[in-house]
Amino acid sequence: MSTMQTLHLHANDADLARAAGLLQNGDLVAFPTETVYGLGADARNGKAVASVYAAKGRPSFNPLIVHVPDVASAQKYVMWNETAQLLADQFWPGALTMVLPLREGHGLSSLVTAGLDTLAIRVPNHPTAQRLLELANAPIAAPSANPSGRISPTTAQHVFDGLSGKIAAVLDDGACTVGLESTILGLTPDVALLRHGGVAVEAIETTLSVGLPQETPKTITSPGQMESHYAPTEAVRLNVSSAMSGELFLGFGTMQCDLNLSENADLIEAAANLFDHLHQLDKIGKPIAIAPIPQTGLGRAINDRLRRAAAPR
Ligand code: TXA
Ligand code: MG
């Protein structure tokens with residue numbers, strides 16, 4: 001990926017407007033939340049979301065948390081229920097992420113959820129994050145703003161240390177007060193603790209009047225490790241140069257095929273299209289053959305996901 005000058009922005013009106021404009025333009029902006037700094041991208045823009053994985057150097061497509069300014073905005077993207085409302089009343093804005101079923105017509109890039117039919121969503125409790133979300137007027141997908149495998153950033157300097165030259169801007173508003181990622185709770189519909197974090201489990205148990213399993217939560221590091229992970233129904237063959245009869249062919253680069261991940265052999269575009277195209281071909285209900293994807297840059301994450309989709313089951 002080409003390097004760029006990463007802007008150092010601050011929490012004033014002019015800089016906030018600039019940060020919002022960058023997000024609307026599909027660029028990446030790191031911004032403060034009360035938990036950790038997030039690496040933000042417009043969650044509806046597949047290329048912007050693909051750039052997040054590229055900037056972080058993630059070797060696989062973990063689903064991302066989407067950030068919204070309030071409950072009403074959350075309801076545009078997920079199927080709301082009473083438990084969610086109870087938790088939102090108590091913990092939003094704040095360090096609780098809820099995983100809920102995606103709502104029809106949500107308009108989000110399928111890369112945000114890594115092809116799942118659930119969405120992790122959160123209303124952050126940080127005035128600068130709140131203002132940015134309102135100005136950008138967009139759902140913002142944001143993992144922690146660190147290179148893959150490194151520690152989550154709690155100051156703007158941490159973000160510069162890890163991602164300088166790889167993202168458009170860092171919006172600096174000092175140190176994060178919680179300093180620990182959000183607690184992730186699955187509500188699909190059984191209540192399940194998916195990650196410990198800024199909101200104590202005991203507080204959630206009190207609010208819901210239920211006990212949560214005491215064992216270590218199953219941290220989901222990639223969709224392939226999730227029970228509900230997405231894989232096509234029919235067989236998948238990888239690294240093939242042409243399809244056999246009866247197969248659908250998913251191409252990459254200039255070639256004859258049923259659907260093409262990127263005619264220009266652009267890995268960012270291919271990542272943005274990956275889950276959509278797999279879903280489209282899966283719906284047709286035939287075995288799927290897939291062209292070779294170069295094992296460089298985002299190609300590593302694409303190939304990781306494709307290997308999982310093709311694994312014997
Ligand atoms: O505090 C935080 O949560 C920070 C700030 C920026 O909001 N964000 C954060 O994101 O920690 P990230 O990408 O580092 O962790 C998100 C995790 C994923 O690794 C995955 O485990 C879980 O959220 N996740 C996301 N979508 C999910 C889904 N649909 N089902 C289950 N788990 C999901
Ligand atoms: Mg992280």
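What's counted below: heavy atoms across the whole structure, side chains too, no hydrogens, waters or symmetry copies. Counting starts at 1 for both ligands and their atoms, in listed order.
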- prompt: When the ring planes of Phe61 and Tyr53 are compared, do they come out parallel, tilted or perpendicular, using 30° and 60° as the limits?
  reply: perpendicular
task: For His67, take its heavy atoms, then give the atoms of ligand 1 lying under 4.0 Å from any of them.
output: 5 (C), 6 (C), 7 (O)
query: Applying a 4.0 Å heavy-atom criterion (strictly less than), which segment of Leu194 is in contact with ligand 1: side chain, backbone, both, or neither?
result: side chain
Check: Phe31 ring centre within less than 6.0 Å of His126 ring centre: no
message: Given 3.5 Å as the limit, does a donor-acceptor pair link the side chain of His277 with the main chain of Asn260, or not?
response: yes
query: Which of the atoms of ligand 1 are close to Ile184, meaning less than 4.0 Å from one of its heavy atoms?
result: 17 (C), 22 (C), 23 (O)
Within-cut-off N or O pair, Arg58 and ligand 1, under 3.5 Å: yes
message: Has Asn125 got a side-chain atom pairing as donor or acceptor with Ala95's backbone, closer than 3.5 angstrom?
response: no
message: Closer than 4.0 Å to some heavy atom of Ala142 - which atoms of ligand 1 meet that?
response: 6 (C), 8 (N), 10 (O)
message: Can you tell me which residue among Leu193, Leu96, Leu194 is in a side-chain contact (heavy atoms from CB on, under 4.5 Å) with Ile184?
response: Leu194
Separation of Asn81 CG from Thr188 OG1 (nearest 0.5 Å): 10.0 Å
message: For Gly299, is there any backbone N or O sitting under 3.5 Å from a side-chain donor or acceptor partner on Asn303?
response: yes
message: When you measure from the side chain of Lys76 to the backbone of His106, do you find a donor-acceptor pair of N or O atoms at a distance under 3.5 Å?
response: no
field: Test item: Arg305 side-chain N/O and Ser60 main-chain N/O as donor-acceptor pair under 3.5 Å
entry: no
- prompt: Is the Mg ion (ligand 2) less than 2.8 Å from an N/O/S atom of Ser152, whether that atom is in the backbone or a side chain?
  reply: no
field: Proximity to ligand 1 by part of Val99, non-hydrogen separation under 4.0 Å
entry: side chain
field: Per-atom contacts of ligand 1 with Ala120, taking only distances under 4.0 Å to non-hydrogen atoms
entry: 25 (C), 26 (N), 27 (C)
- prompt: What do you reckon, does Glu181 have a nitrogen or oxygen under 3.5 Å from a nitrogen or oxygen of ligand 1?
  reply: no
Close approach, Val36 and ligand 1, non-hydrogen under 4.0 angstrom: yes
query: Just which atoms of ligand 1 are under 4.0 Å from any heavy atom in Arg122?
result: 1 (O), 5 (C), 7 (O)
query: For Thr97 and ligand 1, does the shortest N/O to N/O distance drop below 3.5 Å?
result: no
field: Backbone or side-chain N or O of Tyr37 under 3.5 Å from ligand 1 N or O
entry: no
